[in-house]
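Note sheet for the following structure.
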Amino acid sequence: MSRKARIIFHLDMNSFYASVEQAHDPSLKGKAIAVAGDPKQRRGILVTCSYEARAKGVYTTMSVWEAKRKCPELILLPPNFERYRAASKAMFDILRSYTPLVEPVSIDEGYMDVSDIEMGQDAIAFAESIQQRIVRELDLPSSIGIAPNKFLAKTASNMKKPMGITILRKREVAEKLWPLPVIEMHGVGESTSKKFAEFGIHTIGDLANATPSLLKENLGKIGIRLSERANGIDNRVVDPEAVFDTKSVGNSTTLPYDVTDVEEIEKVLRLLSKKVASRLDSKNLAGRSITIHIRDANWKNKTRSKTVTNRLYQEKEIYELATTLFHTTWKEEPIRLLGVTVNNVYDKGESVEQLSIFNFEQHAKEEPILKLVEQLQTKFGKDTIKRGIKVKKKASLESKTSFSKDFLDDH
């Protein structure tokens, strides 16, 4: 029996934040609008902008002052994350009404595996019915890519915006993708494309036809994986649970002015550490390493990381490690941005803490409790009582942003 062909949709909301604002206030429709941070606090970077603004040369990540210069009539709006979260939840609820095989990727995009759905129509007509329903119920535009796997579906959804529906078949990869610069491939960033260029890979076709030994030697497993993608190969399943596998928890801030004062810097690091600790606590997570991010006044970035022996989740320890890393990295140049991230996170209930002279006293206090638990388990069974079970908390205020996957707690 031949295996049934997979049909994967990738749905990408168009200019999501701006579209949500236009749906909320119809008087903004047809106008050049942008969602941006506060320019007075130097966070004046456009998070997103409407297609009307893009037609005037405005684009995401452009500074507010430059956007206003290009488009004086540009309407600037502050981010309203609760509004975007509500729209995101409503959009994903619509997708899940067709199939449980929905994998959110971010607040405004996700995959659907519709292989087993009896459509009663072709895939394009089915995709169009979903797209039109989102417009009808939420007044929001989207683009949908249709393909036999996730990589090609993601690539297809980017081919036509706004309100596009595109099919990309594996047999069309050589014709449609190979001539493109490798940096246009999903999963390849600027640093990776520069690395590719060092050994003669400039197009997606170059990557697809590169020898495995060359890729493995220069980029390791990721080079092989990207080459498979360039050949249209991607066996990943649409996993509704995958998005909840948090890998890191971090926080960063752009400073209101370039800072060189050590006390001010340490105050910022303490605040960032407090926010990261709060987010870890809200999810009952701990990490195995910490990273700091420094951006100086010339926009040069530095990162430093350290792996720790014991689980990392307490504010004091995060702050102390972040401060130590900072002082071993900083060369007294003016600082524009600081960030603190705890990496390789996992559920605290599933971890075992290594005994040390620093935590021995706490473990000694717990010894009588552990003995009681063991006695109860022996008498009534191992599943009677367990250590480490914690009621899930609501996301902390620090996590109420759309730049992390915490919005999925709403789902």
Side-chain angles (χ1 to χ4, degrees), residues 4-19 48 51 54 60 87-88 91-117 119 121-135 138 140-189 203-205 207-208 225-240 242-243 405:
K4 187 176 181 179
R6 288 203 301 166
I7 305 174
I8 307 299
F9 285 4
H10 179 266
L11 185 136
D12 192 0
M13 304 302 288
N14 300 147
S15 191
F16 183 58
Y17 299 164
S19 296
T48 191
Y51 283 92
R54 296 180 192 195
T60 300
S88 173
M91 179 268 288
F92 280 115
D93 284 346
I94 288 175
L95 300 189
R96 292 191 186 99
S97 72
Y98 295 96
T99 174
L101 295 178
V102 174
E103 180 183 330
V105 176
S106 68
I107 194 169
D108 63 346
E109 63 174 312
Y111 295 101
M112 300 173 69
D113 188 334
V114 299
S115 309
D116 295 326
I117 294 179
M119 300 178 189
Q121 54 195 328
D122 61 37
I124 291 181
F126 182 54
E128 187 174 19
S129 69
I130 295 174
Q131 188 183 64
Q132 291 301 323
R133 182 180 167 191
I134 292 172
V135 171
L138 306 180
L140 296 174
S142 62
S143 292
I144 299 178
I146 305 171
N149 61 52
K150 291 168 78 172
F151 170 74
L152 293 179
K154 166 74 174 177
T155 303
S157 68
N158 283 325
M159 288 181 166
K160 186 179 178 184
K161 291 183 176 181
M163 292 295 286
I165 295 176
T166 307
I167 288 183
L168 183 57
R169 300 172 178 86
K170 192 174 177 181
R171 63 175 180 269
E172 297 172 322
V173 167
E175 175 192 350
K176 295 184 176 181
L177 298 189
W178 285 8
L180 300 176
V182 71
I183 196 169
E184 292 191 23
M185 177 177 157
H186 174 57
V188 176
T203 68
I204 296 177
L207 176 57
R225 185 162 61 247
L226 289 172
S227 179
E228 290 176 347
R229 302 282 194 273
N231 281 287
I233 300 169
D234 182 7
N235 296 319
R236 292 174 299 163
V237 299
V238 173
D239 180 5
V243 76
K405 292 176 180 177

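Heads up: numbering here begins at 1 and tracks the sequence.
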Tell me the closest heavy-atom pair linking [X] and [Y], and the distance in Å.
X	Y	answer
I146	A127	CD1-CB, 3.9 Å
N149	G232	ND2-O, 2.9 Å
V102	M112	CG2-CG, 4.2 Å
A147	A153	CB-N, 3.3 Å
P240	P100	CG-O, 3.4 Å
K150	D234	CB-OD2, 3.6 Å

Side chains of [X] and [Y] in contact at under 4.5 Å (non-hydrogen atoms):
X	Y	result
L177	M185	no
I134	M13	yes
T48	R54	yes
V135	M163	yes
I124	I167	yes
V173	N231	no
L168	M159	yes
I107	F92	no

[Y] backbone acceptor or donor facing [X] side chain under 3.5 Å:
X	Y	value
S115	I7	yes
S19	P141	no
E172	R169	yes
S227	L207	yes
E103	D113	no
E109	H10	no
K170	I233	no

Query raised in the report: Does one side chain, of D12 or S143, offer a donor that lies under 3.5 Å from an acceptor on the other?
Result: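 No, S143 and D12 have no side-chain donor paired with an acceptor closer than 3.5 Å.
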Report task. Please work out which of the three classes, parallel, tilted or perpendicular, describes the rings of F9 and F126, given edges at 30° and 60°. Result ->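 It falls in the tilted class, 30° to 60°.
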Requested in this report: Step by step, work out the side chain to side chain contact (heavy atoms under 4.5 Å, CB included) result for K154 and V105.
Outcome: CA-CA 11 Å; K154 166 74 174 177; V105 176; over 6 Å; no
Between [atom1] on residue [X] and [atom2] on residue [Y], distance to nearest 0.5 Å:
X	Y	atom1	atom2	value
T155	E184	OG1	CD	11.0 Å
R236	R229	CZ	CZ	4.5 Å
D108	L11	CG	CG	9.5 Å
I130	L95	CD1	CG	6.5 Å
I204	I183	CD1	CD1	11.0 Å
L101	D116	CG	CG	7.5 Å

Query raised in the report: When you look at T99 and V238, which way does the side chain to side chain contact (heavy atoms under 4.5 Å, CB included) test go after all the steps?
Result: CA-CA 11 Å; T99 174; V238 173; over 6 Å; no
Query - Worked check of side chain to side chain contact (heavy atoms under 4.5 Å, CB included) between K161 and Y51 - result: CA-CA 10 Å; K161 291 183 176 181; Y51 283 92; 3.6 Å; yes
Requested in this report: Check step by step if side chain to side chain contact (heavy atoms under 4.5 Å, CB included) holds for I8 and Y111.
Outcome: CA-CA 7 Å; I8 307 299; Y111 295 101; 4.1 Å; yes
